[in-house]
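Report on the following structure.
The figures that follow rest on heavy atoms only: side chains count, while hydrogens, waters and symmetry mates do not. The model shown is predicted, which means the values in this text are computed figures rather than measured ones.
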Amino acid sequence: MAETLRRVLGRGRAAKPVEESAAEAEPPLLLLGGPGSGKTALLFAAALEVAGDGRGPVLFLTRRPLQSLPNRTRAALDPLRLQKIRFQYPPSTGELLQLLCSAHEARGPTPALLLLDGLEEYLAEDLGHQEAAYLAALLLDTAAHFSHPVGPGRGCGLIVALQTPEEGDSGDALQLSLLQRYFPAQCWLHLEAPGPGQRCFRACLEPGGLGPKAEWWVAFQPDGEMTVTPWPTQSCDPSSNKGSSSGDHP
């Protein structure tokens with residue numbers, strides 16, 4: 001789903017046209033950042049992007065309802081796009097697994113995008129590495145199931161947001177390394193020096209071998225508005241500042 005995020009962050013200037021990128025199976029993407037780094041805002045922006053390109057509804061999974069729309073743009077106020085975003089709130093890992101396992105029983109249009117916000121909250125329920133791997137595999141399997149009815153090439157995308165572990169936490173770091181095997185494409189959000197009244201981050205997109213790496217400057221205003229500008233240099237290095245990201249709900 002790197003091309004979807006590239007369109008969101010590049011204000012529509014993706015490396016490929018919408019029709020071409022939609023006709024190719026994109027690898028699942030892991031969105032990484034600390035608490036308050038805007039992961040939820042980017043997930044919501046991706047939902048709006050897909051809801052507006054005519055492909056189908058978006059299934060947005062999160063542990064609790066959003067308190068407000070995190071992306072104050074014209075698209076965020078478009079009722080036709082908002083109607084295509086279906087929110088579900090599994091409160092526990094068990095209920096999340098049950099929802100994913102029963103996806104084949106769901107009726108209605110097949111989702112074009114599956115989003116999961118706050119994966120770390122589900123993993124915090126004392127899940128071992130084997131259980132975390134099972135959850136990751138089940139997410140991929142659910143997206144693959146949603147892809148089947150629409151045929152090859154126009155499948156259901158998958159983006160999962162995960163809070164980055166603190167430096168020195170070897171257990172969480174090992175779990176992250178395990179999850180990265182399932183999500184070859186990644187987008188890192190690194191905390192940068194803020195401007196007056198802003199929270200600023202460097203978004204580094206690693207598309208998993210499909211397309212070039214890219215970086216953007218992402219700023220959140222006090223009212224929640226998100227502004228994006230290209231990063232001056234394209235020297236994307238996701239290994240830098242992994243522990244300095246800060247962020248989730250803007």
Side-chain angles (χ1 to χ4, degrees), residues 1-2 4-14 29-52 58 60-87 89 113 115-121 124 159-167 186-205 214-236 238 240-250:
M1 294 311 296
T4 299
L5 272 188
R6 198 186 299 274
R7 290 199 299 273
V8 168
L9 293 168
R11 297 181 181 180
R13 297 187 296 271
L29 184 138
L30 195 61
L31 181 60
L32 297 148
S37 59
K39 299 186 297 297
T40 299
L42 284 180
L43 283 182
F44 188 69
L48 291 170
E49 178 71 24
V50 171
V58 175
F60 197 126
L61 306 179
T62 180
R63 194 157 185 158
R64 61 188 63 85
L66 303 182
Q67 298 302 310
S68 61
L69 297 181
N71 192 17
R72 297 170 181 262
T73 64
R74 181 177 300 179
L77 302 177
D78 183 350
L80 296 179
R81 295 193 187 208
L82 293 175
Q83 288 172 9
K84 286 189 174 183
I85 304 176
R86 305 201 309 250
F87 289 93
Y89 310 102
L113 178 62
L115 302 172
L116 175 64
D117 194 17
L119 174 59
E120 72 284 347
E121 296 188 35
I159 304 179
V160 173
L162 174 69
Q163 184 172 307
T164 48
E166 298 290 336
E167 285 191 56
Q186 292 148 34
C187 183
W188 293 81
L189 296 168
H190 304 296
L191 178 65
E192 296 292 331
Q198 293 181 332
R199 291 179 296 112
C200 302
F201 303 89
R202 175 168 58 99
C204 178
L205 179 64
E215 290 181 297
W216 296 268
W217 176 277
V218 182
F220 292 98
Q221 308 300 327
D223 64 355
E225 180 182 358
M226 180 177 70
T227 59
V228 182
T229 55
W231 192 258
T233 59
Q234 297 295 312
S235 57
C236 188
S240 65
N241 300 325
K242 284 185 181 179
S244 65
S245 304
S246 165
D248 192 38
H249 300 275

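Rounding to the nearest 0.5 Å gives a distance of 11.0 Å between CG of L48 and CG of L113. Note that the CG atom of L32 and the CG atom of L119 stand 9.5 Å from one another [nearest 0.5 Å]. A distance of 12.0 Å separates CG of D117 from CZ of F44, quoted to the nearest 0.5 Å. Interatomic distance, Q198 CD to F220 CZ, rounded to the nearest 0.5 Å: 11.0 Å. Here L31 contributes atom CG and I159 contributes atom CD1; the two are 7.5 Å apart, rounded to the nearest 0.5 Å.
Between L29 and L205, the closest side-chain pair of non-hydrogen atoms falls below 4.5 Å. Side-chain contact between P65 and Y89 is present, with heavy atoms from C-beta onward closer than 4.5 Å. Within the 4.5 Å cutoff, the side chain of W188 has heavy atoms near those of the T164 side chain.
Across L43 and L115, no two heavy atoms sit closer than the pair O-CD1, 3.4 Å. Closest of all the heavy-atom pairs between M226 and A45 is CE-CB, 4.3 Å. Of all the heavy atoms in K39 and G33, the pair that sits closest is NZ-O, 3.2 Å. Nearest heavy atoms, A47 versus V58: O-CG2, 3.7 Å. Between R202 and E215, the closest heavy-atom pair is NH1-OE2, 2.5 Å. The two residues G38 and L189 come nearest to each other via the heavy atoms C-CD1, 4.2 Å.
Between F87 and F60, the ring-plane angle classifies as tilted under the 30° and 60° cut-offs.
In this structure, the ring of W231 has its center no less than 6.0 angstrom from the ring center of W216.
The pair E121-R64 meets the salt-bridge criterion, with a side-chain N (NZ, NE, NH1 or NH2) lying under 4.0 Å from an Asp/Glu carboxylate O.
Using a distance-only test at 3.5 Å, with no hydrogens or angles considered, a donor-acceptor pair links the side chain of E120 to the main chain of Q163.
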